[in-house]
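Data block below; observations after.
Per chain, numbering begins at 1; letters A, B, ... match sequence-line order.
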Number of protein chains: 2
Amino acid sequence: MPRTSKIAENPPFAVEQALKRLGDNIRTARLRRKLRLEDVAERMGISRFTLSDVEKGKPTTAVAAYLGALWALGLLDQLEEVADPDRDEEGKILERSRAPRVARTRKALDNDF
Amino acid sequence: MPRTSKIAENPPFAVEQALKRLGDNIRTARLRRKLRLEDVAERMGISRFTLSDVEKGKPTTAVAAYLGALWALGLLDQLEEVADPDRDEEGKILERSRAPRVARTRKALDNDF
DNA sequence: CTTATATGTTGCATTAAAGAAACATGCCAA
DNA sequence: TTGGCATGTTTCTTTAATGCAACATATAAG
């Protein structure tokens with residue numbers, strides 16, 4: 001992503017760590033399955049170089065490459081709970097403490113399909 | 001990411017859905033906290049436009065923008081378990097079923113620091 | 001040792017991601 | 001209705017992410 005954003009160029013430690021762990025986990029999962037970079041990359045429709053970037057936790061790589069790797073390894077469902085509103089206790093409390101409504105409500109909160 | 005990869009241009013259904021849900025969850029968390037796009041974007045060091053892309057689940061946006069949004073909202077720790085090798089039952093089984101080692105083992109599996 | 005294979009590295013061309021400014025739209029409240 | 005504010009949209013410029021080829025390195029096996 002040209003005009004590299006600050007967060008991608010120099011991410012907070014926590015983000016950098018999370019990315020490295022995620023990439024390393026993806027690598028571990030791939031090796032356990034005895035797959036080459038090229039095997040997984042081909043399934044995803046990307047090059048082995050970009051998949052290697054994913055496994056290194058490169059911050060500027062497209063999010064679809066990361067999720068695609070999880071998908072190709074059968075690990076995508078583990079992402080379902082991340083930022084799940086039902087588990088966002090702090091958010092729920094904040095929402096209740098304010099009176100009725102919050103900010104812009106959007107048409108129907110985009111429940112696509 | 002120019003030379004747009006297939007997975008970012010036309011992601012598998014599951015990936016597209018996961019991205020939309022993740023973006024929507026981030027949006028919900030932000031609204032619950034009564035924060036504007038600009039507020040969160042400023043904390044992250046990106047523009048409100050890119051954060052808006054995140055909330056839309058844009059596949060080509062840098063992964064750091066997504067994780068940064070989770071970080072800025074205090075939701076990053078929920079990512080720890082994703083692709084955690086300890087929870088990768090299929091991978092563990094595969095690893096045990098093959099005899100000793102798998103593919104290239106890397107110097108020390110990159111346990112940096 | 002040698003060979004085979006997987007991955008890392010370098011350099012280049014392509015092209016779209018990110019930022020910004022200006023304007024449009026939509027929502028809420030008084 | 002009106003005004004104010006958050007967000008969406010358009011257009012443009014900048015510049016780095018992606019893919020690829022060629023070569024280097026590392027690991028495992030014979």
Side-chain angles (χ1 to χ4, degrees), chain A residues 1-11 19 23-24 26-28 30-66 68-69 98-110, chain B residues 1-11 19 23-24 26-28 30-69 98-110 112:
Chain A
M1 28 47 85
R3 199 148 252 175
T4 304
S5 54
K6 189 178 114 191
I7 202 159
E9 210 176 33
N10 190 14
L19 274 171
D24 217 61
I26 288 171
R27 182 183 182 88
T28 300
R30 175 180 64 81
L31 291 177
R32 276 179 170 168
R33 288 162 178 74
K34 249 185 156 24
L35 299 169
R36 297 172 306 159
L37 283 174
E38 227 182 278
D39 298 325
V40 180
E42 190 181 13
R43 287 189 200 176
M44 299 167 56
I46 68 174
S47 71
R48 69 180 174 95
F49 307 101
T50 302
L51 181 56
S52 172
D53 286 340
V54 167
E55 294 190 349
K56 287 175 190 160
K58 192 180 174 196
T60 53
T61 295
V63 67
Y66 280 80
R98 332 257 184 199
R101 262 292 135 69
V102 181
R104 269 182 133 213
T105 325
R106 263 215 157 177
K107 291 188 178 177
L109 237 166
D110 232 3
Chain B
M1 31 43 88
R3 197 149 252 176
T4 303
S5 54
K6 190 179 114 189
I7 202 159
E9 210 177 34
N10 190 13
L19 274 171
D24 218 61
I26 288 171
R27 182 184 182 90
T28 300
R30 176 179 63 82
L31 291 177
R32 276 179 170 170
R33 288 161 177 73
K34 248 184 156 26
L35 299 169
R36 297 172 305 159
L37 283 174
E38 227 182 281
D39 298 326
V40 179
E42 190 182 15
R43 287 189 200 177
M44 298 167 57
I46 68 173
S47 71
R48 68 180 173 95
F49 306 103
T50 302
L51 181 55
S52 172
D53 287 339
V54 167
E55 294 190 348
K56 287 175 191 160
K58 193 179 173 197
T60 53
T61 295
V63 67
Y66 280 79
L67 297 213
R98 332 256 183 198
R101 258 297 131 66
V102 181
R104 270 185 135 215
T105 327
R106 262 215 158 179
K107 291 188 179 178
L109 236 166
D110 233 3
D112 34 67

What's the shortest heavy-atom distance between Pro11(B) and Pro59(B), and which atoms? CG-CG, 3.9 Å
Over how many whole Å does the gap from Glu38(A) atom CD to dC20(D) atom C1' extend? 12 Å
Between dA20(C), dT9(C), dT7(D), spot the one nearest the side chain of Lys56(A), thanks. dT9(C)
Is the phosphate of dA17(C) approached by Thr60(B) (side-chain N or O, under 4.0 Å from OP1 or OP2)? yes
Ser52(B) side-chain N/O to dG8(D) phosphate OP1/OP2 under 4.0 Å: yes
How about Arg33(B) and Val40(B): do any of their side-chain heavy atoms sit closer than 4.5 Å? no
Quickly work out the Met44(A) CE to dT18(D) C1' distance and round it to whole Å. 13 Å
Rounded to whole Å, the CZ-C1' distance (Phe49(A) to dG11(C)) equals 12 Å
Can you tell me the distance, in whole Å, between the NZ atom of Lys34(B) and the P atom of dA6(D)? 10 Å
On DNA chain C, more 5' by nearest nucleotide between Lys6(A) and Arg36(A) is Arg36(A)
Of all the nucleotides listed (dA20(C), dT7(D), dG19(D)), which has the minimum atom distance to the side chain of Ile46(A)? dG19(D)
Nearest-Å distance for atom pair CZ/C1', residues Arg33(A) and dA6(C): 19 Å
Please name the pair of heavy atoms, one in Val63(A) and one in Tyr66(B), separated by the smallest distance, quoted to 0.1 Å. CG1-CE1, 3.4 Å
Considering all heavy atoms of both residues, which atom of Ala41(A) and which atom of Leu51(A) are nearest to each other, and what is their separation? N-CD2, 3.7 Å
Establish, with yes or no, whether the OP1 or OP2 oxygen of dT18(D) is under 4.0 angstrom from a side-chain nitrogen or oxygen of Thr61(A). yes
Listed nucleotide nearest any side-chain atom of Lys58(A), set dT9(C), dA17(D), dA18(C): dA17(D)
Is there a donor and acceptor pair, one atom on the side chain of Arg48(B) and one on the base of dG19(C), closer than 3.5 Å? no
Please tell me which of the listed nucleotides, dG19(D), dT7(D), dG19(C), lies nearest to the side chain of Arg30(B)? dT7(D)
Out of dT18(D), dG8(D), dA21(D), whichever nucleotide has its closest atom nearest the side chain of Arg27(B): dG8(D)
Candidate pair Met44(B) and Thr50(B), rule side-chain contact (heavy atoms from CB on, under 4.5 Å), full reasoning: CA-CA 11 Å; Met44(B) 298 167 57; Thr50(B) 302; over 6 Å; no
Below 4.0 angstrom from OP1 or OP2 of dA17(D), is there any side-chain N or O of Thr50(A)? no
